[in-house]
Structures are given as structure tokens and as C-alpha cells.
Amino acid sequence: MIVVMREGCTPQQVEAVVQAVREMNLKDHVIVGTERTVVAVIGDDRFKDRCALESLPGVDRVVPILAPYKIASRQTHPEPSVIALGGRYGATVGGPRICMIAGPCSVEDRSRLLEVAHAVKEAGAHALRGGAFKPRTNPYEFQGLGEKGLEILAEARERTGLPVVTEVMSIDQVLLVAKYADVLQIGARNMHNFNLLLGVGKTNKPVLLKRGFSATLNEFLLAAEYIIQAGNPDVILCERGIRTHEDYVRNTLPLAIVPAIKRESHLPIVVDPAHGTGHAYMVPAMCRAAVAAGADGIMVEVHQDPAHALTDGAQSLTPEAFARTIQEVAAVARAVGREL
Ligand code: PEP
Ligand code: MN
């Protein structure tokens, strides 16, 4: 349930609600909105006395939350969350501006990464992506440069000012990756790795959470809930395609999730049309479509020589194609009342 406080309630009244919630052996999560403060009550509250909370001074009403996710729900936090990514230019995701995250699938070496980082910055990207730890289906293929890759990403941030988004694959990598990265990516294969979700939930770095390729919307939001209830409110959802019977694409990109997430949650949602299609020729059209559908950001893979990329070349845009795509996305953004 959520306890909605009256406008103009005092901090002491909010504290009294928090104490009452704790006495019921439930967890509290206070959200101070621009208009209202609400106290989300977390835990099994089915047999608890709602009236006891309703009658406390300063309380407007107590509302049950029917969805299984609570603090990820829009009911507890009606305004959209705006998440700061770091870097020198104050990049954010979730506000009126569309956030463009671009870079290679993996960090291959220093000179190639720095070259592509400058190219995406030049084209107008707001954040740089690149994997140092790579989840690969085939154990004999390139697994990423590990910490060396993180050092290269940190240098690219110094040189371009762009915040860096990179994947953390296991709980023992969390502190290491958090030392270098601005945003911690949880890959699709790890969306159900609840220990890892709790691990990144204990950091103070924003988390880009990719949807598992067989996860439902409900499971996706519950994965976000794990991170938030562990203490980290800065979760960015990322739709990257799901597995279906179709084989003309690597994954099927279900853009209907964008309005569905907007209705269910206050968390920003980014769309990844590279993994969502697997084919570079489809990526610009799906970037435009994602922004038209209401996405808060786009994540794409960019490589200066896709034919020789160590990972995911077939779905990588060249820097020139990315520069064209960003202009097209800007036009769609204007048409739907947003901007880059
Ligand atoms: C990636 O972003 O390079 C990646 C491995 O993504 P996903 O986890 O969505 O497959
Ligand atoms: Mn990739």
C-alpha cells in the first residue's frame, strides 16, 4: 500500500507514519514529490491495519498497490524519474530530452575505442557505451578486455566528457566496474540474477537494466524493484528485443512495451534496436519508431569498421550512419514534443 500525505504536511507527520509502518514490521520508502509526499509500504501488508495509518495526522489516504512491484510503480511515484548519468555535460535520461547512448559492442583496443568515442560525441551522442566484460554464447570467442577495457573507457570519458555505460556480469565485478563506469549495465542474460541485482542496488551508480529475452513486463519491473529496494533508485530500463519464432531478425523488438512501461512505472525506458533487430539496415528505422513510441533514450552500437568488429558487427552502424540517424531521431523527437 502507499500512504499519500496531505499537501503541506510536516516532516514530523511523515516521520510518525514511517514509525507506524516499522512497528507493523514492514519496510518504508519515502518519496518526496513536487506536489505530494508518499510513503510506500513494502512487504506483505495483506493483514495489516490500514485504518491505523489512515487516521494519523497529515495523512490524506491509504491506497493499496495491486501490482507486485511497489516502488517501481507509477502509483508510488506519479512524476517520471529523471536520472543523471554523470560525465561533463550533465546528461540525463527520463526528462524531455532524448538520451542517445552509442559506442561499440565491445572495447577492442585503445585507439579504436577513442576514435569511435570522438566520432559519436561529434555526432551528438550523450553517453558512450562499450563492453569490457562480454557475455558470449561461445566460450571460444572474444570475451572482452576486462579491467584493461575499463581503463580505456575511463580515458575516453576524460577525453570526450561523455559518461560511460558498461556491463557488469557478476557480483564479484561490481566494485571494479563501479570504480570506472558511470552507468552499470545489467545484460539480458543476467536480468534474473537476483544477487547481482542486489549487488548493483548497493552502489550509487545508475543501472541500465536490460530486459531478459524471455522475461515478461512484470518480471522486468520486479527485477528493477530488486535494485531499487536494495537502496539504488536510479534504474533505467532497456528493451533489447525478445526471442520469438521469427528468424529474419536476431530478436523481435516489441515497441509496445514503451507505452506499457510508461503507464506502469515512473522509470525511464531506453530502446536498443541493435540487439533488437541484429541488422544494421533496420536500426535507423527502429530508432525513429522507438522515439515516436515515447522512449526516453536509444542505445546503439557504432563501429568504424563493422565488417571486422570482434563482436556484433552485423548490427553496428558506421559513425556516418549514426550521424544521419541522430538527425532523423531529432526530427521525430520534435514531432512528438521532445528534443535531443
Ligand atoms: C550488449 O549490450 O552488448 C549486450 C550484450 O546486450 P544484451 O545483454 O542485451 O544481449
Ligand atoms: Mn552487442
Side-chain angles (χ1 to χ4, degrees), residues 93 99-108 112-113 116-117 120 125 127-139 141-146 149-150 152-153 163-170 173 177 181-193 196-197 200 206-215 219-220 223-224 227 235-244 249-255 257 269-280 282-283 286-287 290 295 297-318 322:
V93 59
C99 179
M100 298 296 291
I101 306 168
C105 177
S106 43
V107 181
E108 299 177 352
R112 266 183 287 192
L113 191 275
V116 85
V120 299
L128 174 68
R129 64 148 286 145
F133 293 101
K134 293 303 301 176
R136 302 307 308 280
T137 302
N138 184 337
E141 290 181 345
F142 179 60
Q143 303 286 311
L145 297 181
L150 296 174
I152 295 170
L153 285 167
V164 160
V165 183
T166 194
E167 179 160 351
V168 50
M169 275 174 56
S170 69
Q173 291 167 356
V177 178
D182 299 286
V183 179
L184 306 176
Q185 176 173 324
I186 299 291
R189 291 156 192 82
N190 265 320
M191 191 211 83
H192 289 291
N193 184 341
L196 182 58
L197 301 179
V200 296
V207 177
L208 184 120
L209 174 66
K210 295 190 114 185
R211 180 192 189 182
F213 35 67
S214 64
E219 290 163 342
F220 191 19
I227 300 170
V235 179
I236 303 154
L237 302 168
C238 179
E239 172 58 68
R240 49 78 72 205
I242 53 172
R243 187 163 282 181
T244 70
V249 277
R250 179 180 178 187
N251 291 287
T252 297
L253 187 60
L255 288 180
I257 201 167
I269 177 150
V270 162
V271 171
D272 168 358
H275 296 88
T277 62
H279 300 284
M282 296 179 179
V283 168
M286 297 317 283
C287 289
I298 297 288
M299 178 149 104
V300 287
E301 292 183 334
V302 180
H303 194 284
Q304 55 273 74
D305 182 9
H308 296 100
L310 295 183
T311 55
D312 285 351
Q315 63 194 36
S316 298
L317 298 177
T318 59
F322 175 64

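Below, all heavy atoms of this structure are taken into account, side chains as well, without hydrogens, waters or symmetry copies. Whatever order the structure lists them in is the order used to number ligands and atoms, beginning at 1. Index from 1, following the sequence.
- If you check each of K210, R189, M169 against atom 6 (O) of ligand 1, the one with the closest non-hydrogen atom is K210.
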Practice prompt. For side chain to side chain contact (heavy atoms under 4.5 Å, CB included), just list the numbers for F133 and V168, CA-CA rounded to whole Å, side-chain angles, deciding distance to a tenth of an Å, and then say yes or no.
Written response: CA-CA 7 Å; F133 293 101; V168 50; over 6 Å; no

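- No other N/O/S atom of D312 lies as close to the Mn ion (ligand 2) as OD2 does.
- Annotation for ligand 1: atoms under 4.0 Å from non-hydrogen atoms of G187 are 8 (O).
- When hydrogens are left out, the protein atom nearest atom 2 (O) of ligand 1 is R129 NH1, 2.8 Å; that is the closest non-hydrogen contact.
- Per-residue contacts place C105 under 4.0 angstrom from the following atoms of ligand 1 (heavy atoms of the residue considered): 3 (O).
- Checked against a 3.5 angstrom limit, the closest N/O atoms of D312 and ligand 1 fall outside it.
- Salt-bridge check for E301 with R129: passed, with a basic side-chain N closer than 4.0 Å to an acidic carboxylate O.
- Each of the following atoms of ligand 1 lies closer than 4.0 Å to a heavy atom of R240: 7 (P), 9 (O), 10 (O).
- The closest donor-acceptor contact from the side chain of R136 to the backbone of F142 lies under 3.5 Å.
- Rounded to the nearest 0.5 Å, atoms CE (M100) and CG (L128) are 13.5 Å apart.
- Atom CD of Q173 is separated from atom CG of L150 by 8.5 Å, given to the nearest 0.5 angstrom.
- Closest protein heavy atom to atom 8 (O) of ligand 1: A188 N, 2.7 Å.
- Atom 4 (C) of ligand 1 has H275 NE2, 3.5 Å as its closest protein atom, hydrogens excluded (heavy atom only).
- Here the CG atom belonging to L253 is positioned 10.0 Å from the CZ atom belonging to R240, to the nearest 0.5 angstrom.
- Taking every heavy atom of E301 and a limit of under 4.0 angstrom, the matching atoms of ligand 1 come to 3 (O).
- Close approach to K134 involves these atoms of ligand 1, each under 4.0 Å from a residue heavy atom: 1 (C), 3 (O), 5 (C).
- Sorting the N, O or S atoms of E301 by how far they are from the Mn ion (ligand 2) puts OE2 first.
- R243 contributes atom CZ, which lies 5.0 Å from atom CZ of F213 (distance to the nearest 0.5 angstrom).
- H275 contributes NE2 as its N, O or S atom closest to the Mn ion (ligand 2).
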Practice prompt. Test side chain to side chain contact (heavy atoms under 4.5 Å, CB included) on I186 and L197 and set out the steps.
Written response: CA-CA 8 Å; I186 299 291; L197 301 179; 4.1 Å; yes

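- Note that the CD atom of Q315 and the NE2 atom of H279 stand 9.0 Å from one another [nearest 0.5 Å].
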